[in-house]
2 protein chains.
Amino acid sequence: MQKVDTKTKILNAAEQLFAERGYADTSLRLITSQAEVNLASVNYHFGSKKELIQAVLARYLEVCAPSLEQSLAVLNKSDVPFTQHDVFNCLLAPLLELNTFRHRGTSIFLQLLGRGYIENQGHLRWFITTHYGKVLTAFNKAVQDANPDLSKEEIFWRLHFTLGTVVFTMASSKALIDIAKADFDVDVDIEGLIKRVVPFISSGVSAGGTLP
Amino acid sequence: MQKVDTKTKILNAAEQLFAERGYADTSLRLITSQAEVNLASVNYHFGSKKELIQAVLARYLEVCAPSLEQSLAVLNKSDVPFTQHDVFNCLLAPLLELNTFRHRGTSIFLQLLGRGYIENQGHLRWFITTHYGKVLTAFNKAVQDANPDLSKEEIFWRLHFTLGTVVFTMASSKALIDIAKADFDVDVDIEGLIKRVVPFISSGVSAGGTLP
DNA sequence: TTATATTTAAAACGTTCGTTTATCAAAGGA
DNA sequence: TCCTTTGATAAACGAACGTTTTAAATATAA
């Protein structure tokens, strides 16, 4: 049995609890007791709770961001026209790749991202933006090219609607999956959830103008 | 100048702060200082913070729920077929009606609802469900009738996606409106936001099956 | 080995929170 | 009138939190 150092034990326990309960509702005492390390070691290794949160996210961003950038770059460099469906597919592969990086990695990452957006903590918004700026710009460009009929402003709104859909779905994915099991006796995992949400948001983004 | 009693002053200050900052991030001390009343009066008049939160929501539910029920009942009793667009329009009028009940009432109510869903406080989920059970059932039936090709399970998922879109949009409406003003120099109010989100979710709910 | 740096451990600090208590003023009814 | 109820106010309570301090233990290098 390999020895896992304290820093990693903290990160593993923290990402699980942050995803399940949110950042504010997860105390350092809960994390350290779950990780079976001392309370003070969080501040020793990470400096503060804020920096721990950023470190938890950083582990995923380091894996995900380059993969996403490359995927979008291929699409944007291409000469053949592409659809909104292609754009979302660009996101899908790098996101699902996180499941090989860690068990339930995709779900955890999207939940962490969602919690960060929902809990109004400026430092996280800033942290994500600085690490995701290039990806977001590339993604925005791809969506514009896929929907030449939509104004930039319309795209702005619809991408935020999309973000809301995904973030909310992931943040409450556990509850949704449990309800689906109880009400419809179906087993849905995170991949099944994504497969169901993509048609929804694809159709929404490419929808016609304001209803008559 | 009419005298406003302490209870109402607390409710007014609380709903504003809850909508802006969320329930957990709004302390009773902030509420009572804003309302210019004594700290202990919250527990005197409402019993606890939980009950204050429920009282804040109740003021809106009492106005909104009957109106929504009636609106949906008319639709469900009708013999002529209706579309998804009609269903959402059923929600629109009672929701916008809240703007006459209170300044920015629609926005505040949807934000309160969204915060309640996002902040995983069981008592609020329970409170909303018991007060909204009939409306939700009627709404669900209307959506099924408007989309006979979709299975109940598919509708279940898409309605939760819709909920996520609306809730997230409303919870961050202030930020979104500010960004839109800065980036596109447009003034969007809550009504404009709804007009933009309805095509998105309408198209999403009625979308075709899983993408190939 | 000794000396130095790193990591763990326990305890306490200072703050904020929801809630409770104790006291007092005002109002209402018999 | 007196007495009870209702409401307002200041003060304090106990718990939980992030963080800091202090000291001991462990690893590293000379």
Side-chain angles (χ1 to χ4, degrees), chain A residues 1-58 112 115-116 118-124 126-127, chain B residues 1-58 112 115-116 118-124 126-127:
Chain A
M1 170 149 175
Q2 180 174 340
K3 183 179 182 304
V4 181
D5 64 0
T6 301
K7 209 167 170 177
T8 305
K9 282 199 282 188
I10 294 173
L11 285 172
N12 289 342
E15 77 170 18
Q16 202 74 38
L17 292 168
F18 283 151
E20 282 176 11
R21 313 161 43 96
Y23 299 108
D25 274 358
T26 302
S27 68
L28 295 185
R29 284 169 175 81
L30 182 60
I31 293 172
T32 52
S33 75
Q34 186 103 338
E36 293 178 313
V37 301
N38 189 268
L39 169 63
S41 58
V42 171
N43 288 81
Y44 173 78
H45 283 289
F46 298 96
S48 66
K49 186 180 180 181
K50 283 184 183 180
E51 287 166 286
L52 170 63
I53 293 173
Q54 294 176 5
V56 166
L57 262 171
L112 292 174
R115 303 277 190 190
I118 285 171
E119 298 185 20
N120 47 356
Q121 297 185 353
H123 74 102
L124 250 190
W126 174 87
F127 183 77
Chain B
M1 169 149 175
Q2 180 172 340
K3 183 180 181 302
V4 181
D5 63 0
T6 302
K7 209 167 169 178
T8 305
K9 281 199 283 189
I10 293 173
L11 285 172
N12 289 342
E15 76 170 20
Q16 203 74 38
L17 292 168
F18 283 150
E20 282 175 13
R21 314 162 41 98
Y23 300 108
D25 274 357
T26 303
S27 68
L28 294 185
R29 283 167 175 83
L30 182 60
I31 293 172
T32 52
S33 76
Q34 186 103 340
E36 293 179 313
V37 300
N38 188 270
L39 169 62
S41 58
V42 172
N43 288 81
Y44 176 79
H45 283 289
F46 298 96
S48 66
K49 186 180 180 181
K50 282 185 182 180
E51 288 166 287
L52 169 63
I53 294 173
Q54 294 175 5
V56 166
L57 261 171
L112 292 173
R115 303 279 191 189
I118 284 171
E119 298 185 21
N120 47 357
Q121 303 288 0
H123 75 100
L124 249 190
W126 174 87
F127 184 78

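This is a predicted model, so every value here is computed, not measured. A, B, ... follow the sequence lines: proteins, then strands. Residue 1 opens every chain.
Between the CG atom of A:Leu57 and the CZ atom of A:Arg115 there is a distance of 12.5 Å, given to the nearest 0.5 Å. Here the CG-CG distance, from B:Asn43 to B:Leu52, works out to 9.5 Å after rounding to the nearest 0.5 Å. Note: A:Lys7 NZ to A:Asn12 CG = 13.0 Å, rounded to the nearest 0.5 Å.
Proximity of B:His45 to the phosphate of D:dA8: a side-chain N or O atom is located under 4.0 Å from OP1 or OP2.
If you check residues 11-18 of chain B against DNA chain D, you find no residue with a heavy atom closer than 4.0 Å.
Partners of A:Ser48 by side-chain hydrogen bond (donor to acceptor under 3.5 Å, both in side chains), not counting sequence neighbours, listed by chain and number: A:Glu51. Applying the side-chain contact (heavy atoms from CB on, under 4.5 Å) rule to A:Ala40 yields the partners A:Asn38; only residues at least two apart in sequence or on another chain are considered. Evaluation of the side-chain hydrogen bond (donor to acceptor under 3.5 Å, both in side chains) rule for B:Gln54 yields B:His123 as partners, not counting sequence neighbours.
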B:Val56 vs B:Ile53, test: side-chain contact (heavy atoms from CB on, under 4.5 Å). Steps then yes/no. CA-CA 5 Å; B:Val56 166; B:Ile53 294 173; 5.8 Å; no
Solution key, residues 28-35 of chain A side-chain donor-acceptor pairs under 3.5 Å, sequence neighbours excluded:
{"residue": "A:Thr32", "atom": "OG1", "partner": "A:Leu28", "partner atom": "O", "Å": "2.8"}
{"residue": "A:Thr32", "atom": "OG1", "partner": "A:Arg29", "partner atom": "O", "Å": "3.2"}
{"residue": "A:Ser33", "atom": "OG", "partner": "A:Arg29", "partner atom": "O", "Å": "3.3"}
{"residue": "A:Ser33", "atom": "OG", "partner": "A:Leu30", "partner atom": "O", "Å": "3.1"}

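What separates CD of A:Glu51 from C1' of D:dT20 is a distance of 15 Å, to the nearest Å.
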What pairs of nitrogen or oxygen atoms, one from the protein and one from nucleotides 15-19 of chain D, lie under 3.5 Å apart?
{"residue": "D:dG18", "atom": "OP1", "partner": "A:Lys49", "partner atom": "NZ", "Å": "2.8"}
{"residue": "D:dG18", "atom": "OP2", "partner": "A:Leu28", "partner atom": "N", "Å": "2.9"}
{"residue": "D:dG18", "atom": "N7", "partner": "A:Arg29", "partner atom": "NH1", "Å": "2.8"}
{"residue": "D:dG18", "atom": "O6", "partner": "A:Arg29", "partner atom": "NH2", "Å": "2.9"}
{"residue": "D:dT19", "atom": "OP2", "partner": "A:Lys49", "partner atom": "N", "Å": "2.9"}

